[in-house]
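Below is one structure, written out as structure tokens, with a few remarks after it.
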Amino acid sequence: MNIAKVIVDVPASSINQTFDYSIPERFQEILKPGMRVIVPFGPRKIMGFVVDRVSESSFERLKNIIDVLDLTPVLTKELLDLGKWVANETLSLSIVALQAMLPQVLKSKYKKELVRMTDEKLPDPLEYLFAGRDFIAYEEFENANLSYYQLQKAVQAGDLSVHYQVQSKVTKKEVLMVKPARETHMMEEAFIDFPKNAKKQKQVLGYFIENTHPIPQKEVLKQFQTTNQTVKSLVDKGLLETYKEEVYRNPYNDEEIERTTALELTEEQQQAIKPILASIKNNTHDVFLLHGVTGSGKTEIYLQSIQDVIDKGEEAIVLVPEIALTPQMVNRFKGRFGKSVAVMHSALSAGEKYDEWRRIHRKEVQVVVGARSAIFAPFENLGIIIIDEEHETTYKQEDQPRYHARDVAIQRGQNHNCPVVLGSATPTLESYARAMKGVYSLATLNKRTNDQPMPHVDIIDMRAELHAGNRTMFSRKLKESIEHCIRNKEQVVLLLNRRGYSTFVMCRDCGHVNDCPHCDIALTYHKNTNRLKCHYCSYEEIVPSICPECNSDLIRYFGTGTQRVEEAITELIPEASLLRMDVDTTRRKGSHEKILKEFGEGKADILLGTQMIAKGLDFENVTLVGVLTADSMLNLPDFRSSEKTFQLLTQVSGRAGRHELTGQVLVQTYTPEHYSVKLASEYNFLEFYKKEMGMRKKFQYPPYYFLALITITHENKVKVIQTAQRIVHLLLQKVNQNTVVLGPTPSPIPRIKDRYRYQCMIKYRNEPDLRVYLNKILDQFSDDVRKNNLIISVDLQPYHLM
DNA sequence: AGCACGCCGACT
DNA sequence: GTCGGCGTGCTC
């Protein structure tokens, strides 16, 4: 077994295979699959993952592994296999799948150096560049703009050599600790003999006679108001010892979180948890769909299930949408399981993420709560996987590897023979349909734990407002209700269901709209900078004062963004104080929490925000939730738009009246008759499910059909269309009769960053070999992809049809 | 991907 | 003879 199979860090389809290396004697004992290594690859040195050890290779001459980067494997056997599965399932490269399972810091960086090999004089420009040094960074040579020919000759003559370096930057945080170096009685003797003028040293020594435990040097210095010189002298005298100890960065202050114990479950909750506990107990893999209205106590079911898993000596993964990973949520888990919880989400720094990951790796925690990628937590005895807010689209990764955390969860659940729990107040049609078919077990929670009814939802027809001469974005009823709330010192949450915190600009005379010169999309107006920006390529220009088409000066700003609503409210209800929460105001780390905290403390009457305020907020004093434009989402060219609207309206309604005070929800819409608006206002998920399933069946969409989206991108429009047509043609030759291949059609945004975009959609029910066909087709175009900068991307089960 | 190698053409 | 610019093929 002295040969290692290695997946090397080269993201290219022609390299998407294992490479064999022989294992030098000194690594024989320690090298295991799942470790990272440095290997020679052509003239370079690169990082790779050992995926297997074997005793034979079909290659005659194998190169040696240069170095081993890990003391213990960073990927378990299960995760290595899972990586292979993910790569297969999502048509991505093995190396990309493996990298996705690890924290960023474990990724390698590469460096090239130019090393002088001779004492003889080099050709003038090179000699000058080296300036007496033995080696220089390759970059220096490149920046100097010298002839590559000379370099080539010098290297061939053996006067210079190119060295390749692999840097695996791992930043462990260390603290300098101080402890006594002698036994106490020896220290005491030294104390007595100590010179009187060394006052500080004597004090410190005295401390360590009393306290023999190591403490950080920083604390010693602080306590005795002295410098490290004092400690150093004591160390030099052989009385104290210093050493470095690794510490974890702790993004959450655990001590302050109050511990909680299990709550008593309601009848409904008990019914729901019973089969889950049974599945844990019997080590069976089942998928549970927990359909529970907001406030029905899903989290308590998660917590108690996890408790059983921990008691059994196993581990738990809890996935939460990024946006819901607020301290409120994290505290519930930390409160119950204390130090056994690791938290993983994008607001952590790279170092913090690595630390949390290591706590899992070292088996110091049993529970991880995290966003999508936490599904790859390196646990070896998984007892349960929970996906909260199962319907959230953030569980699908948008770039390679385009995996869905739910699919990975189920795969891991099978690997570990453990249950997977999907929880939501508004499950995806896919999951609910599976539950209906009996593939998943369904548990429904209809009652809120506090027995409060769901708040009443009023639909307001904005067309009628328009007819009545109200041209503002607030209906009369909403305005009155807001004022009423403020008078009663209650709080309001306003949702503007549109990410446009800005507007587009149009000439009133000729209708000219400023488009991005590089993308086929209108520029959006940013008021704070008074500029027009492209959200796709970051192109910017100053807002024109006259129309570039017709020279008219009647420029009008269209569309409603949160900034605008903010202005309108201050005009309409001057006494109201307002907090705005959107992409603009939450860009900085921690600002999200800060805004919520201020609102929670009652520092504002109104919280105005985009989607992000719909999730998980729980404020006692909120009695009114207003949705300004419920249908702005409905008009999107996306077959899920009704589902998304229903989900959003249901979610946001759950924000009102969660405690003593009863809540009210006002939904403004131009299409009050639309079923997703109407049924959301009645909290009628089942009816919505039936209705929407009918639509999906009629138009051949999931869950009746599977989808695959192929997007072809190139600078030359003709080339894109030709390629797309060829792909469609090839597909049609292979797929089943009843499989639909649509396109090629221009993408919803037909050009981004000067690249034209065409797509074709495959709708299928049964194509077991689709991945094989797709791989073959991708192979056929691999030359074009490499040489001509063509991009073909395949997204199986896409969420965004862009 | 990133690199070497080799062929070609330009310029001196 | 001195250079740079591609196209091609390889990486255990």
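Below, chain A is the first sequence line, B the second, and so on; all start at residue 1.
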Starting from the C-alpha separation in whole Å, work towards a yes-or-no answer on side chain to side chain contact (heavy atoms under 4.5 Å, CB included) for A:S793 and A:R402.
CA-CA 10 Å; A:S793 74; A:R402 302 179 207 276; 3.4 Å; yes
Quick one: A:K109 NZ to B:dG2 P, roughly how many Å, whole number?
14 Å
Please give, in whole Å, the distance from B:dG2 P to A:Q165 CD?
17 Å
How is A:I15 classified with respect to the nucleic acid when contacts are heavy atoms under 4.0 Å: base, sugar-phosphate, or nothing?
base
To the nearest angstrom, how far is A:K153 atom NZ from B:dC5 atom C1'?
17 Å
Does A:P798 offer a backbone N or O that forms a donor-acceptor pair with the side chain of A:H404 under 3.5 Å?
no
Just wondering, do A:Q99 and A:D9 contact through their side chains at under 4.5 Å, heavy atoms?
yes
Which class fits the ring pair A:F141 and A:Y138: parallel under 30°, tilted 30 to 60°, perpendicular over 60°?
tilted
Backbone N or O of A:S349 within a donor-acceptor pair of the A:E352 side chain at under 3.5 Å?
yes
Once side-chain hydrogen bond (donor to acceptor under 3.5 Å, both in side chains) is applied, do any residues pair with A:H518, and if so which ones, sequence neighbours excluded?
A:D754
Between CD1 of A:I7 and P of B:dA1 the distance, given in whole Å, is 17 Å
I'd like to check the side-chain contact (heavy atoms from CB on, under 4.5 Å) partners of A:R412; sequence neighbours left out, ordered by chain and number.
A:E78, A:L79, A:L82, A:I317, A:L382, A:I385, A:V408, A:H416
Chain A contact limits on DNA chain C, taken 5' to 3' with a cut-off of 4.0 angstrom to heavy atoms
C:dT2 to C:dC12
What's the NZ-C1' distance between A:K112 and B:dA1, to the nearest Å?
12 Å
Keeping A:R755 on the side-chain end and A:T713 on the backbone end, is there a donor-acceptor pair under 3.5 Å?
yes
Pairwise salt bridge (Lys or Arg N to Asp or Glu O under 4.0 Å) hits with a residue in residues 710-731 of chain A, at least two apart:
A:K719-A:D784
Every protein N/O within reach of nucleotides 6-12 of chain B N/O, cut-off under 3.5 Å:
none

Sorted by number, residues from residues 20-34 of chain A placing a heavy atom under 4.0 Å from DNA chain C are A:D20, A:Y21
What residues from residues 38-49 of chain A pass a heavy-atom cutoff of under 4.0 Å to DNA chain B?
A:P43, A:R44
By side-chain hydrogen bond (donor to acceptor under 3.5 Å, both in side chains) - contacts of A:E430 (at least two apart)
A:R640
Describe the nucleic acid contact of A:S58 in one word from base, sugar-phosphate, nothing, applying a heavy-atom distance below 4.0 Å.
nothing
Applying side-chain hydrogen bond (donor to acceptor under 3.5 Å, both in side chains), name anything that partners A:Q797, two or more places apart in sequence or on another chain.
none
Tell me, please, which residues at least two apart from A:Y403 pass ring pair (Phe, Tyr, Trp, His ring centres under 6.0 Å).
A:F376
Using the test side-chain hydrogen bond (donor to acceptor under 3.5 Å, both in side chains), find all partners of A:K533 that sit at least two apart in sequence or belong to another chain.
none
Toward the 5' end of DNA chain B, which comes first, A:R786 or A:Q156, by nearest nucleotide?
A:R786
Which part of the nucleic acid, if any, lies within contact of A:Y164, taking any heavy atom under 4.0 Å across all strands shown: a base, the sugar-phosphate backbone alone, or nothing?
sugar-phosphate
Name the atoms and distances for all side-chain donor-acceptor pairs under 3.5 Å in residues 145-157 of chain A, with sequence neighbours left out.
residue	atom	partner	partner atom	Å
A:S147	OG	A:Y149	N	3.0
A:S147	OG	A:Q150	N	3.1

